[in-house]
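Only one structure is covered here, and it is reproduced in the block below.
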Amino acid sequence: GGLVIQLPSLTNVAPGSSGSFDVLLIDTDPVGSSGYNVAEDNFELKLSGAAGFTFTNATINTSATYIYVQSADAGSSLPLSLNSFPNTDFIASDTESAPPNYYRTLNPGDVFGLANVSYTVDPTASGTAMLTIANLNVATTLTDINGNLIPFTVMNGSISTSSVPEPSTLIQAATAVLIGLGAVWRRRQQRP
């Protein structure tokens, strides 16, 4: 149980494409447990492994309900990321600025978005890039209204390209189909 920062595992992403995903914060405690009052989040997101994968933006426009009722970043026109894009490693930060409590309570089963992250995949990229939440309790933190750290765990993810057959493989497959069709045609021609 407890709070989990979760990243997706995206598969069959086409080389040369772009997309986005949500970084989620989930309360996995059993029903009836106490909630968590999150006032601020900071997270560092890294891409590693295969080359050709790049982050292009991070916003509060998440598919899941965004964690803060009134984002301090949106209210002051600040970007969510502290780094410029494109990159393969960035730190994002935001706080709740809605009175009277200046925090968002997460109860068991709640799922909130921390960021919507856009990415691109180079046309020549292949393989898998690991998505990692880095520097736990340093660059990646959840805090309450008093600045106290709130414990959490992480579920890292990945982005994997779809396999595109080599041209020689496609030629071999097409040749096999044509030979098979030729054999069927010849058998039909030989029938009385």
Side-chain angles (χ1 to χ4, degrees), residues 1-10 17-29 31 33-48 53-121 129-159:
L3 293 179
V4 176
I5 298 176
Q6 181 179 318
L7 298 173
S9 289
L10 307 172
S17 68
S18 60
S20 69
F21 60 87
D22 283 352
V23 177
L24 298 175
L25 181 59
I26 304 167
D27 186 342
T28 64
D29 280 331
V31 174
S33 300
S34 297
Y36 299 89
N37 296 326
V38 179
E40 181 176 9
D41 70 90
N42 301 285
F43 66 89
E44 182 174 3
L45 185 55
K46 287 187 173 190
L47 272 169
S48 61
F53 297 82
T54 308
F55 296 127
T56 57
N57 200 10
T59 71
I60 65 171
N61 300 322
T62 57
S63 298
T65 302
Y66 187 63
I67 186 166
Y68 302 120
V69 173
Q70 188 172 325
S71 161
D73 287 345
S76 58
S77 300
L78 294 172
L80 183 62
S81 173
L82 305 178
N83 308 95
S84 60
F85 292 97
N87 61 47
T88 57
D89 183 348
F90 71 90
I91 296 174
S93 179
D94 202 359
T95 61
E96 176 63 80
S97 62
N101 298 324
Y102 299 97
Y103 59 79
R104 171 63 92 116
T105 300
L106 277 78
N107 293 303
D110 283 348
V111 177
F112 289 104
L114 292 179
N116 181 266
V117 179
S118 300
Y119 65 89
T120 60
V121 181
M130 300 309 297
L131 291 170
T132 308
I133 296 289
N135 294 317
L136 304 183
N137 296 315
V138 180
T140 300
T141 59
L142 297 173
T143 56
D144 65 18
I145 193 68
N146 298 315
N148 298 314
L149 291 176
I150 299 171
F152 63 92
T153 58
V154 170
M155 286 183 60
N156 291 315
S158 61
I159 304 174

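Residue Glu40 holds its CD atom at 10.5 Å from CG of Leu149, rounded to the nearest 0.5 Å. For the atom pair OG1 (Thr54) and CD1 (Ile159), the distance works out to 9.5 Å, reported to the nearest 0.5 Å. Atom OG1 of Thr141 and atom CG of Asn135 lie 11.0 Å apart (nearest 0.5 Å). Distance check, rounded to the nearest 0.5 Å: CD of Gln6 to CG of Leu114 gives 11.0 Å. Rounded to the nearest 0.5 Å, atoms CG (Leu142) and CG (Asn148) are 12.5 Å apart. A distance of 12.0 Å separates CG in Asn57 from OG in Ser18, rounded to the nearest 0.5 Å.
Here the side chains of Leu106 and Val38 are in contact, with some heavy-atom distance below 4.5 Å. Residues Leu45 and Val117 meet the side-chain proximity criterion, which asks for heavy atoms closer than 4.5 Å. Within the 4.5 Å cutoff, the side chain of Thr65 has heavy atoms near those of the Arg104 side chain.
Residues Tyr36 and Gly2 approach most closely at OH-CA, 3.5 Å, considering heavy atoms. In this structure, Ile67 and Leu25 approach most closely via the heavy-atom pair CD1-CD2, 3.6 Å. Annotation for Thr140 and Glu44: closest pair OG1-N, 3.0 Å, computed over non-hydrogen atoms. In terms of heavy-atom proximity, Phe55 sits nearest to Asp89 at CD1-N, 4.1 Å. Annotation for Gly1 and Asp29: closest pair C-OD1, 3.3 Å, computed over non-hydrogen atoms. Nearest heavy atoms, Thr105 versus Phe112: O-CE1, 4.3 Å.
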Atom pairs and distances, side-chain donor-acceptor, residues 91-98, under 3.5 Å, sequence neighbours left out:
{"from": "Ser93", "atom 1": "OG", "to": "Asn42", "atom 2": "OD1", "distance (Å)": "2.5"}
{"from": "Asp94", "atom 1": "OD1", "to": "Ser71", "atom 2": "OG", "distance (Å)": "3.2"}
{"from": "Asp94", "atom 1": "OD1", "to": "Ala72", "atom 2": "N", "distance (Å)": "3.2"}
{"from": "Asp94", "atom 1": "OD1", "to": "Asp73", "atom 2": "N", "distance (Å)": "3.0"}
{"from": "Asp94", "atom 1": "OD2", "to": "Tyr66", "atom 2": "OH", "distance (Å)": "2.6"}
{"from": "Asp94", "atom 1": "OD2", "to": "Ser71", "atom 2": "OG", "distance (Å)": "2.6"}
{"from": "Glu96", "atom 1": "OE1", "to": "Val69", "atom 2": "N", "distance (Å)": "2.7"}
{"from": "Glu96", "atom 1": "OE2", "to": "Gln70", "atom 2": "N", "distance (Å)": "2.9"}
{"from": "Glu96", "atom 1": "OE2", "to": "Ala98", "atom 2": "N", "distance (Å)": "2.9"}
{"from": "Ser97", "atom 1": "OG", "to": "Gln70", "atom 2": "O", "distance (Å)": "2.9"}

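Judged by distance alone, with hydrogens and angles left aside, the side-chain atoms of Ser158 form no donor-acceptor pair with the main-chain N or O of Ala129 at under 3.5 Å. Listed for the Asn156 side chain is a donor-acceptor partner under 3.5 Å among the backbone atoms of Ile133. A donor-acceptor contact shorter than 3.5 Å is absent between the side chain of Thr132 and the backbone of Ala134. Under the 3.5 Å distance criterion, the side-chain polar atoms of Asp22 are matched with a main-chain donor or acceptor of Ala64. Between the side chain of Asp144 and the backbone N or O of Asn146, at least one donor-acceptor pair lies under 3.5 Å. A donor-acceptor pair is defined here as one N or O able to donate and one able to accept, closer than 3.5 Å; no such pair exists between the side chain of Asp27 and the backbone of Gly109.
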Residue pair Phe53, Tyr119: steps toward the side-chain contact (heavy atoms from CB on, under 4.5 Å) verdict: CA-CA 7 Å; Phe53 297 82; Tyr119 65 89; 5.7 Å; no
Criterion side-chain contact (heavy atoms from CB on, under 4.5 Å) on Tyr68 and Ile60, from CA distance to verdict: CA-CA 9 Å; Tyr68 302 120; Ile60 65 171; over 6 Å; no
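Remark: Thr88 pairs with Leu47 by the side chain to side chain contact (heavy atoms under 4.5 Å, CB included) rule, at least two apart or across chains.
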